[in-house]
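For reference, the structure is listed below as structure tokens.
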Amino acid sequence: MNLQQTVTNSVRAFLEGKPKQVVVAYSGGVDSHLMLATVAELATEYPANQYLAVHVNHGLSPNADKWQQHCQKVCEEYRFPLKIQQVKVQASGNGGVEAAARKVRYQAIESVTQHKGVILLAQHVQDQLETVLLQLKRGAGPKGLSAMGQTLEKENGIILARPFLQIEKQHILQLAKHKNLQWIEDESNQDSRFDRNFLRTQIVPSLIARWPNLAEAAHRTAKLCAEQQRLLDEVNEQHLQGMINQRFAIDIPKLLSLSQAWQNQIVRYWLAQQQLTMPSYSVLDELPKLFHAKQDANPSIEIDDYQLRRFRDHLYCVRKKNVEVFSERKLIARNTILPNFLGQLRIADNLIGELTIKSRDNSLTFKPKAARHSKPLKQWFKEWNVPVWERERSLVVYLHEQVIAIVCDQQIFFADNVSDDVASSIHFEASPPKL
Ligand SMILES: Nc1ncnc2c1ncn2[C@@H]1O[C@H](COP(=O)(O)OP(=O)(O)OP(=O)(O)O)[C@@H](O)[C@H]1O
């Protein structure tokens, strides 16, 4: 098979099947330009798909606007629809500006991608080698060494795909030159203050000169680690299911009945299920103190933007900024992601624009459906055994001026006077999802 065919086939695999939205993450660099060119060529063969290119303008480089114009020009030539996403990058926490830019970039691209849509990213096998090396530098275990997967279906139903992950950078360059593509060079790629650039410009070339197959070998290691991690996660899942309550809190005595290594495994798996940053091993070492603190103590462990807390022999994970500023919002979309990990509301068309959600008002009296007597909300929380910090996170759903439901802690409660029609038009998915 020649190079052109290899590249075309690697992309084709993601365009086949049921019609879907195909989103090309287009930076203007050579890799994603070749991706765009390949998709543009194949699009006529798969006309039922919906196509879109997205360029994220981070505004970080003095050339950012020129790159944006370049991407607009190229997409016009291909007659390929393009969406420009302007973002603001605020460096904070681990990884500095690079990590912050990556995070907002993915969010910006996903925000224009539909459920079950595929985002095509143009990372290649040398990028994979760099990722494995960066993970080694962090002392990662099998999960980190799994590096980038070829396909990943995210919790929000969006698929991240990397068709070029087994393709050599030099082959991408060769084909791009052959096709006479005009791409931009990001000058910051040469800045070796960034770890990835340091590896790319100063380390990887000499490693590849000595071991030409190293990138492929690293990709194989990543795949093997991902496989091991999947096996481990199957067992983690079984353990976790046997020890979590309705609020996704871990039963501490059950956890402590396992070996230390499994305890660490399960806590890390549990946090990963909630999409939270992984704590370091030194933080995990603090857990026994939390587990064995006096019953009347209120201990907590701080990690980035969340806390681990113990409440009635259960381990809870709580966002530090407990109440996201959220005073009132009219629901104008069929799917609304609620703040504070409360979950997602799905609303039938007839109720869109009619419903409003507001933060909880303490004075509210609410009567859950099927309850016989109306009681203050406070009372319900007590009866449901909702920890104090979680009470702050509930939201009230209004239909016009009437309270019809309360979303609280992985559940939605409808008021008694709500008709079955209205109640069945609102679906609530808890977050994190029940596994
Ligand atoms: N500003 C951006 N807008 C849209 N997609 C982007 C942007 N930056 C990167 N991407 C996507 O993420 C992938 C990985 O990013 P990375 O920074 O490694 O690539 P790059 O070197 O900037 O560009 P390229 O891969 O196009 O040569 C890119 O291949 C591209 O698909």
Side-chain angles (χ1 to χ4, degrees), residues 7 10-11 14 22-40 52-61 63-72 74-75 80-89 95-113 117-134 147-152 158-177 179 181-191 194-201 204 215:
V7 166
S10 70
V11 175
F14 294 98
V22 177
V23 177
V24 180
Y26 177 38
S27 69
V30 62
D31 311 324
S32 55
H33 193 151
L34 184 64
M35 178 75 68
L36 179 73
T38 313
V39 174
L52 180 69
V54 182
H55 174 77
V56 181
N57 184 338
H58 302 96
L60 290 174
S61 158
N63 294 321
D65 290 341
K66 273 196 224 148
W67 298 341
Q68 174 180 326
Q69 283 154 17
H70 171 85
C71 293
Q72 282 165 324
V74 170
C75 285
F80 203 96
L82 169 71
K83 175 104 186 132
I84 301 287
Q85 295 285 77
Q86 307 268 356
V87 295
K88 275 212 172 77
V89 181
V97 77
E98 259 181 314
R102 187 175 317 111
K103 193 167 171 198
V104 289
R105 178 160 75 237
Y106 278 76
Q107 279 168 353
I109 301 173
E110 285 178 22
S111 71
V112 291
T113 308
V118 185
I119 299 175
L120 298 178
L121 298 152
Q123 284 110 342
H124 46 75
V125 74
Q126 271 84 4
D127 288 326
Q128 181 75 316
L129 171 60
E130 290 159 18
T131 307
V132 169
L133 291 172
L134 287 170
M148 295 181 283
Q150 186 124 23
T151 322
L152 169 76
I158 291 173
I159 296 155
L160 297 183
R162 299 186 171 90
F164 292 171
L165 205 54
Q166 300 197 51
I167 294 179
E168 303 267 348
K169 173 82 182 184
Q170 68 188 74
H171 289 152
I172 292 179
L173 274 172
Q174 207 178 316
L175 198 54
K177 284 182 187 153
K179 286 172 168 290
L181 304 183
Q182 307 292 314
W183 62 89
I184 53 166
E185 297 287 354
D186 178 348
E187 73 286 338
S188 74
N189 281 347
Q190 300 305 317
D191 186 345
F194 297 125
D195 287 343
R196 189 177 277 278
N197 296 341
F198 165 69
L199 286 173
R200 187 174 295 174
T201 55
V204 169

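Start at 1 and go down the list; that is how both ligands and their atoms are numbered.
In plain terms, the two heavy atoms of Asn57 and Ala64 that are nearest each other are OD1-CB, 3.3 Å. Annotation for Ala53 and Cys75: closest pair CB-SG, 4.1 Å, computed over non-hydrogen atoms. The shortest heavy-atom contact between Leu120 and Pro163 is CD2-CG, 3.9 Å.
Between the side chain of Gln128 and the backbone N or O of Met148, at least one donor-acceptor pair lies under 3.5 Å. Between the side chain of His70 and the backbone N or O of Gln182, at least one donor-acceptor pair lies under 3.5 Å. A distance-only check finds a donor-acceptor pair linking the side chain of Arg162 to the backbone of Gly149 [under 3.5 Å].
Listed by number with element, the atoms of ligand 1 under 4.0 Å from a non-hydrogen atom of Val30 are 27 (O). For ligand 1 and Ala25, the ligand atoms under 4.0 Å from any heavy atom of the residue are 4 (C), 5 (N), 11 (C), 30 (C), 31 (O).
Residues meeting the ring-ring contact (aromatic ring centres under 6.0 Å, His included) test with Tyr26, sequence neighbours left out: His33.
In this structure, Asp186 falls outside the shell of residues with a heavy atom less than 4.0 angstrom from ligand 1.
Under 4.0 Å from ligand 1, the heavy atoms of Tyr26 that appear belong solely to its backbone. At a 4.0 Å heavy-atom cut-off, ligand 1 does not touch Asn57 at all.
Salt bridge present: Arg200 and Glu130 bring a charged side-chain N and a carboxylate O closer than 4.0 Å. Ion pairing of Asp127 with Lys169 is absent here, as no side-chain N (NZ or NE/NH1/NH2) approaches a carboxylate O to less than 4.0 Å.
In terms of protein heavy atoms, atom 26 (O) of ligand 1 is closest to Ser32 OG, 2.4 Å. Summary of contacts: the protein heavy atom closest to atom 20 (P) of ligand 1 is Ser27 OG, 4.1 Å. The single protein non-hydrogen atom nearest to atom 14 (C) of ligand 1 is Gln123 NE2, 3.3 Å, given as residue, atom name and distance. Regarding atom 21 (O) of ligand 1, its nearest protein heavy-atom neighbour is Asn189 ND2, 3.9 Å. The protein heavy-atom contact nearest to atom 28 (C) of ligand 1 is Ala122 N, 4.0 Å.
For ligand 1, the polar-atom distance check against Ile109 finds no nitrogen or oxygen pair separated by under 3.5 Å. Note: no N/O pair closer than 3.5 Å links Arg200 and ligand 1 by distance alone.
The closest heavy-atom contact to atom 17 (O) of ligand 1, among the options His58, Gln85, Arg102, Arg105, comes from Arg105. Counting heavy atoms only, Val56 comes closest to atom 1 (N) of ligand 1 of the residues Leu36, Asp31, Val56, Leu121.
Within a 4.0 Å radius of atom 5 (N) of ligand 1, the protein has at least one heavy atom.
Looking at Gln123 and Thr131, their side chains never bring a donor and an acceptor atom within 3.5 Å of each other.
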